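Written below as structure tokens is the structure these notes are about.
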Amino acid sequence: MSVAQIANGTVPAAARRVARRDPTFLVAVIAFGVISVVALAGPWLAPYDPNELYVGPLNGAPSLEHPFGTDDLGRDILSRVLVGAAASVFAPAVVVVLSTILGVGLALAAAWFGGWVSGGIARLVDVIFAIPGLVIAVLAVTIFGKGLAAPVIALAIAYIPIIARLTRTAAARELAKPYIAALRVQGVSSPAICFRHLVPAMIPIVAAQMAVGFGYAMLDLAAISFLGLGQQPPSPDWGSMIAAGQAGILAGAPEQSVFPAILVVITVLAVGIIGARVTDWAEEKER
Amino acid sequence: MKRTALAAGAVAGAALLALTACTPRDADDADVVGDDFEIVDAQPAGTQAVDEVTWAIVEGEPATLNPAASANLIIPNLCDNLLSLQPDFSIEPGVAERAEFVDPVTFVITLRDDVTFWDGSPVTADDVVYSLQQNTNPASQWYGAFALVDPDPTAGIAATGPNEVTVRFIAPDSTFRDALAGQGGAVMQKAFGEANGAAVGTPDAGLMCTGPFELQDGGWTPGSEIVTIANEDYWNGAPLVGTLTYTFVSDGSTLATALTQGEIDGAINVSPGSRAVFEGDGAGSLTVGHSTASYSFGPASATSAAANPKIRQALNLAIDRDQYLETVVNGLGYVQKTIVPEFSFHSMEASGTYQEGYDALAEPEVDLEAATALVEESGEDVSRPLVVAVPSGAKEFQQTAAIIQSAGKQIGLDIRIDEMQASDFGALFYDPSKREGVDFVATQGYLETPGVLGYPSLFMLPPEMGGIFNWSGYENPEVTEHLLAARNATDPETAAREFTAAQEVFAPDMLQVTLAGTYQLTYLSDELTGVTTSIAAYSSPWALHLGGK
Amino acid sequence: MTAPVLEVERLDIVAPGPEGPRRLVTDTTLSVARGEAVGLVGESGSGKTLTLRAVAGLLPDDFTTQGRIRIDGQDLGGMTATALRALRARRIGMVFQTPRAHLNPLRTIGDFMTEALVHVAGERPDVAATRARHLLDEVGITDPDRRMRQYPAELSGGLLQRVMIAATLAMDPDILLADEITTALDVTTQEEVMAVLADLRAHRDLSLLFVTHDLALAGTVCDRVNVMQRGRILETLRAGSMRRDAREEYTKVLMSASLDEAPPLEPATESPRPLVTIEHLRKSYQVRGATGRRETLVAVDDLSIEMASGGSLGIVGESGSGKSTTARMLLGLERPDRGTITVDGQDWSRPARGSADRRVRAKIAQMVFQDPYQSLDRRQTVRQCLAEAVRVHRPRQSAEVVDGRVRELMRQVRLDEGLAARRPRALSGGQRQRVAIARALAADPELLVLDEAVSALDVTTQVEILTLLDTIRRETGVALLMITHDLTVIRRLCDEVVVMRHGRIEERGTAAQILDAPTAEYTRMLLESIPREGWTPRRRLGRTRSQPTTTRSSAMIPE
Amino acid sequence: MNVLTRTVLGRLGGMLLTLILASMVIYSAVLLTGDPIAALAGGAKPTPELVEQIRAEYHLDDPVWSRYWQWLTGAIQGDFGRSFVYKTPVVSLVGPRFGITLQLVLLTVLLILVFGVGSGILAATRGRVVDRTIAAMTSLGMALPTFVVAILLIWVFAKSLGWFPVYGEGEGVWDRLWHLVLPAISLAVLFIAYVSRVTRGSLVAQLHSEHVDTARVRGIPRRRIFGVHVFRNASPQILAIAGTTIAGLFAASAIAEVAFGLGGIGSLLVQAAARADLPVVQIVSLLLVTIFVVLNAVADLISAIIDPSSVGGGRTS
């Protein structure tokens with residue numbers, strides 16, 4: 001292997017290799033890619049206006065015009081699923097990004113400053129950890145009102161402890177490595193050490209956690225929608241579609257729940273697989 | 001005069017409130033209305049004794065069983081009202097043998113002498129006075145019906161004999177007698193009430209009434225069930241069911257499965273959305289009964305475009321009622337022309353006059369062009385979205401909101417949906433600050449006793465005269481005059497004419513855009529019968545004749 | 001002559017890899033006769049440990065082997081799993097490099113000692129316990145009853161290694177497989193363990209397959225020595241005459257690296273100016289003892305050292321002697337409890353406050369750490385790493401200037417320029433340490449502190465790095481402060497030596513004085529513990545008790 | 001004072017502090033979120049007298065800190081206040097419901113331990129095929145939302161096959177169990193997958209650990225190696241995860257409770273929040289937090305008993 005190859009291509013090369021040896025991972029990446037594209041382009045892909053009533057029969061079965069059938073208001077389920085992808089994918093992404101920013105920030109502050117800052121942050125994290133996400137969601141819904149904002153904020157807060165503890169441990173481990181001491185001895189400034197060395201070192205492990213967290217966020221958001229605390233109609237999202245279609249399942253018209261449920265499962269499965277592989281990479285790099 | 005109006009306002013307000021905050025249910029295939037079901041207001045009485053019946057309460061667990069403070073389907077089996085409401089909405093004597101105006105402002109109630117409370121003590125005039133006086137407190141659900149009663153406690157409601165109570169009024173009130181067939185006329189024991197104070201009706205203190213079922217100490221396990229047992233000494237004959245247990249299932253599909261699997265024996269107000277499940281193979285069957293319930297929406301603000309009648313008329317023209325019925329109530333409903341439903345005057349003395357007035361009103365129709373023109377004519381700025389508030393969690397309201405939104409879109413109105421938690425939605429009705437940012441409120445309401453003045457008084461009179469839901473500032477002197485005259489009328493025919501005169505004017509103004517009238521849906525195990533299946537169940541002991549076939 | 005206890009014949013070991021299978025051991029043949037001690041010597045990656053693990057049946061599941069392994073004449077190839085396990089359990093004893101990792105931390109020493117007796121040999125527990133106590137006594141562990149109740153965490157590494165040895169003896173094995181068993185131990189402890197092994201061989205007629213990287217050590221304890229490199233055995237030598245018989249160049253390099261042959265350096269030009277003055281330095285830590293009580297561990301106590309500009313000082317000591325702590329305090333990585341540090345006329349008694357202060361100190365003193373891999377950021381290429389170090393002191397220089405300086409540094413440490421784009425992973429241990437040294441030189445420091453800078457390297461690499469350091473010292477006149485446990489290193493590079501023990505100075509003097517005519521008892525013991533020709537390990541009474549040692553993580557990790 | 005006592009006391013102190021801080025967060029957050037007057041008036045327009053009465057009865061005019069203090073001290077003495085909606089002591093609402101949730105959680109825990117730990121052991125020990133299969137199943141399990149599982153179970157086992165009831169709690173031991181099976185399964189699926197993975201991971205780590213090499217080379221029987229050296233050493237980690245999981249179940253059970261119409265504390269919380277029944281929301285939240293913190297501490301302590309070395313800091317010989 002030439003120097004140039006090593007320099008330019010470690011990650012893509014590794015990715016290609018892994019993809020060749022690990023078709024599951026490849027499928028997961030493709031699935032997630034497709035879902036991401038749908039999330040971005042859903043409104044243009046949708047054959048009907050997702051909120052237009054009576055474009056088909058009430059609770060219609062899948063047909064050529066309506067491949068996923070129609071719901072209890074005669075809306076096209078395929079269009080709703082496509083358009084709903086944006087909220088369904090975007091909301092957990094925001095949860096993960098927010099909680100990562102907050103969690104990593106707290107963790108780095110704790111690892112870096114140590115002492116009472118670390119103690120205080122640890123206590124804060126303990127307290128958040130102790131309050132179940134559902135409780136935070138209930139409180140958030142009443143404080144921030146309805147819509148996706150409240151559950152997203154609630155989950156972002158609820159996930160802080162997981163990410164903060166993980167990052168805190170990883171950062172402490174990283175800071176204990178001699179190369180950090182070497183940098184100090186060289187006279188490299190603290191911010192430079194933190195942002196040029198410590199933060200990049202955290203990226204793989206944090207990225208892996210983000211992938212895992214995305215799946216959880218998606219499930220949790222769907223559950224919150226199910227409890228009636230989530231996305232408000234008529235804007236579709238998969239979680240609220242599943243909840244809304246519940247009655248249909250027992251009445252013999254399961255399409256409204258089934259298709260979004262399948263998509264939720266596929267998405268979570270895909271990010272789960274991706275997350276697991278990224279975790280493996282991160283650990284491999286660590287060695 | 002002012003006081004009169006205020007009084008007139010409140011008759012059905014509380015009932016409407018109780019309703020909107022809770023949630024009714026709906027349906028599916030509707031263009032076949034009438035074809036595949038018949039309307040039954042009362043099932044044949046049961047003939048066999050049954051040890052135990054489990055009943056589901058779809059509205060969820062009540063906060064209290066105090067008849068003065070709550071309207072739910074449990075209280076009617078526990079507490080008798082002075083007059084007895086029949087399944088067809090006619091009124092018969094009950095605990096009160098006789099209850100009539102002896103002059104325009106004096107109302108005399110004569111009690112049966114064989115009615116006892118659950119503890120065996122006889123019902124006295126003092127108990128009735130105590131019970132009625134509960135409702136002279138503005139906090140009572142039924143204060144509106146008592147608004148014209150002389151506020152002087154000694155003069156207003158007084159025992160004038162061992163079995164006689166006299167009520168004096170400051171102005172004639174044509175609605176009072178009907179109200180006594182509802183929980184406004186519920187009879188409670190004075191001694192028990194005074195001993196327990198505010199705790200009456202709670203799981204701790206319980207109740208002391210005369211109804212066919214008895215709530216025992218500890219019968220109410222909060223969060224799980226309310227167990228009632230037969231009152232063997234009931235004055236109108238002991239019930240056939242030994243123990244009637246209420247559980248609380250607010251999830252429509254769970255309930256549908258539990259009912260059809262026979263895990264629960266019956267429920268009133270089941271969701272029309274599950275019609276297919278109920279009509280399929282199952283442990284029981286669905287009975288469709290008359291109701292005064294209807295879905296409607298109305299303005300919540302005096303300043304928004306929603307306050308302009310033309311906007312409401314435009315929406316009225318844009319909503320396809322048949323589609324609405326099919327979607328929201330699965331065909332288990334009917335087109336209702338105005339806010340006051342036919343069944344509410346169905347058994348009243350002057351029903352012919354009322355019916356004529358109703359029939360004269362225009363049928364709702366779809367005319368998108370006219371609707372769009374109305375929006376333009378209105379001169380309102382329609383670039384700002386209009387917000388329609390609905391209670392969250394109920395599919396019927398989600399669908400209603402979506403339909404309103406869709407209709408609005410067709411005629412150039414941008415409508416947003418705001419689903420509100422039950423408590424917030426309830427607060428809309430008395431806290432103006434909660435209505436900020438809300439343009440329309442969609443509700444379902446019903447009238448639990450006969451009478452036509454409730455809704456119009458609440459929605460069309462000026463606020464200071466009792467129009468507490470008149471949030472758009474609607475004021476039409478003609479309407480006001482006729483409505484007041486109707487309430488103060490001393491004979492039924494006059495009242496009816498005054499009302500129809502008012503209705504002719506207010507109906508086209510669409511203070512509430514009525515979307516559909518619905519039926520009362522009762523699901524009952526095939527082994528049982530005898531339930532009151534019309535809306536009268538809210539005010540009469542509907543389980544009295546419940547028993548085995 | 002009976003059959004050899006162990007025969008390995010044409011053994012190949014193949015591991016799966018992302019680019020296809022890799023052959024790690026090729027065509028290896030060796031044998032161990034009854035009562036014989038055979039050494040298997042090689043540097044990291046030579047395949048010596050894999051060979052040993054193949055014998056013990058400890059290769060990963062996805063590895064494949066070819067060739068034959070016979071124990072007592074029985075071919076392992078054709079045996080059932082159960083028979084194999086029984087054979088290994090009774091005929092083989094194995095002792096590993098890191099005893100702490102190889103003992104279940106949740107089981108007591110007693111459980112460990114008796115486990116095989118009870119569950120393999122089927123002894124009654126009380127009989128097994130009695131036997132275990134005797135065995136512990138045999139390997140020189142005092143108070144066996146107490147030890148039996150203790151957990152591994154409560155014992156020192158040396159003691160644990162003896163426990164491991166004692167436990168393998170429980171089944172009376174024919175052969176002991178020893179995998180770098182003293183590498184993690186101090187020299188004095190190493191001598192103890194080796195003495196125990198020597199005794200056992202004498203009393204028990206025990207065969208020994210001794211794997212080590214230390215040819216000298218192998219030469220002193222083994223009858224024959226196999227030298228291994230890149231998965232092959234290069235040659236097999238009789239221990240007694242290996243210096244004369246060695247034919248392979250590699251063997252000779254190994255010998256010269258580990259044996260005491262290189263001539264001492266000429267002292268560099270003396271300069272009267274003192275560069276470092278340390279006075280009455282003290283540092284203590286609060287640690288939690290095995291009983292859970294907080295204890296004060298004094299790492300450095302009343303230490304005073306002076307070092308001249310351009311000089312070369314070695315600080316020697318075993319683990320826990322406080323030598324590294326001293327270096328870290330000097331560089332501002334730890335804060336002394338008391339005492340003063342003066343460097344180049346400046347007060348360095350407290351760690352640098354801000355970045356500017358740190359840069360000023362960085363211009364004067366730099367440090368090279370023990371583990372070259374860990375002391376480089378694994379995400380940086382060599383060029384990025386060096387450029388960053390250069391830029392600290394020349395923040396406004398153009399890219400070309402920085403690049404020129406990087407190339408100059410690489411030349412200085414004899415690193416091929418072609419390696420500039422590699423990351424630490426793709427470098428050998430020696431190359432990594434060269435990068436670390438180049439990085440330290442980037443600031444043109446006056447003082448280079450080398451904290452065990454060669455002890456993690458293979459012996460051949462050690463020689464290269466030490467030679468390089470010597471050259472650099474001559475070229476630049478930089479002063480060297482060597483922190484090491486290895487006295488041979490001192491002889492090559494240092495003018496003056498300080499011997500530390502338990503945080504205090506035992507002895508100080510010139511390198512020649514200390515190494516050739518030590519006065520302190522402890523220094524003598526250290527010197528005598530070093531394996532060399534004709535060396536016999538001795539048990540020193542009173543040393544069977546454990547020494548307090550602490551494993552301390554960097555003080556930069558906030559608790 | 002030995003290490004264990006010290007640890008217990010230390011953890012207890014930390015636990016109390018966490019609880020007090022969490023109770024402050026909950027109390028103040030709940031205050032922010034609801035209008036007590038609105039909730040108390042119970043849907044009717046509150047008259048000034050009623051408002052006055054409510055303010056006095058619930059000390060609404062006192063400063064927040066004093067109210068918090070009264071609430072906390074009351075709660076410690078078992079006085080959890082009165083429900084705004086039911087006007088009954090909160091304890092009488094929470095008490096019976098807690099039993100349901102507890103039983104549901106216990107059954108779920110049983111499922112999680114049997115199937116989660118069991119499949120984790122199989123995955124770690126029964127070779128590649130079993131490992132892959134279980135990995136695929138746990139991946140799927142971790143992607144299945146609880147309520148989707150609930151709906152599926154209702155559909156298949158309750159509605160179509162009619163083997164299980166869909167609603168309610170049942171009476172008597174067996175009937176109750178019969179009613180709780182489906183909710184417990186729906187709740188357990190996700191956690192079974194999770195615990196299975198953690199179990200597998202920590203077992204594999206132990207299987208590859210050096211002290212297991214020692215045991216293998218000593219010829220210790222496989223069964224004993226697995227029991228004494230692998231499983232026991234992995235158990236603190238499994239226990240820690242299981243502890244957190246189980247502690248979280250009390251809150252997560254809300255979804256299963258709502259889906260199956262069980263009257264537990266989870267559904268009570270959701271319901272109370274919808275009705276702005278603040279005292280109930282506060283107490284249930286506090287209860288959930290307390291359970292969570294206490295169970296985590298207990299799991300910690302059991303881990304500490306299994307592995308005393310995890311407690312101490314540095315080691316001295």
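Every heavy atom of this structure was used, including side-chain atoms; hydrogens, water molecules and symmetry mates were not. A quick note: this is a predicted structure, and the numbers were derived from the prediction, not measured. Chain naming here is simple, since letters A, B, ... match the order of the sequence lines and numbering starts at 1 in each.
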Checklist entry - Okay, side chain of D:Asn296, backbone of D:Phe292: is any donor-acceptor separation there less than 3.5 Å? => result yes
Checklist outcome for this item: Most contact-rich option vs chain C, by heavy-atom pairs under 4.5 angstrom, among D:His211, D:His208, D:Arg232, is D:His211
Checklist entry - Using non-hydrogen atoms only, which part of C:Ala86 is less than 4.5 Å away from chain D: side chain, backbone, both, or neither? => result neither
Checklist entry - Which residue, C:Val32, C:Ile92, C:Leu208, C:Ile181, forms the side-chain contact (heavy atoms from CB on, under 4.5 Å) with C:Leu176? => result C:Leu208
Checklist entry - Under 4.0 Å between a Lys/Arg side-chain N and an Asp/Glu carboxylate O for C:Asp172 and C:Arg91? => result no
Checklist entry - Among C:Arg53, C:Arg107, C:Arg88, which residue forms the greatest number of heavy-atom pairs with chain D at distances under 4.5 Å? => result C:Arg107
Checklist entry - Given a strict heavy-atom distance threshold of 4.5 Å, which part of C:Thr82 is in contact with chain D: side chain, backbone, both, or neither? => result neither
Next on the checklist: Under 4.5 Å from any heavy atom of chain D, what part of C:Ala170 do you find: side chain, backbone, both or neither?
Outcome noted: neither
Item to check | Atom group of C:Arg90 that falls short of 4.5 Å from chain D, counting heavy atoms | outcome: neither
Next on the checklist: So for atom OH, which belongs to D:Tyr194, do other residues, nucleotides or ligands contribute more than 12 heavy atoms lying within a distance under 6.0 Å?
Outcome noted: no
Item to check | Contact origin within D:Val228 toward chain C - heavy atom pairs under 4.5 Å | outcome: both
Checklist entry - D:Tyr27 vs D:Trp71 aromatic rings, parallel, tilted or perpendicular, using cut-offs 30° and 60°? => result tilted
Next on the checklist: Would C:Glu115 and D:Arg224 count as a salt bridge (charged side-chain N to carboxylate O under 4.0 Å, His left out) here? Give the steps.
Outcome noted: CA-CA 10 Å; C:Glu115 187 175 25; D:Arg224 181 171 166 87; 2.8 Å; yes
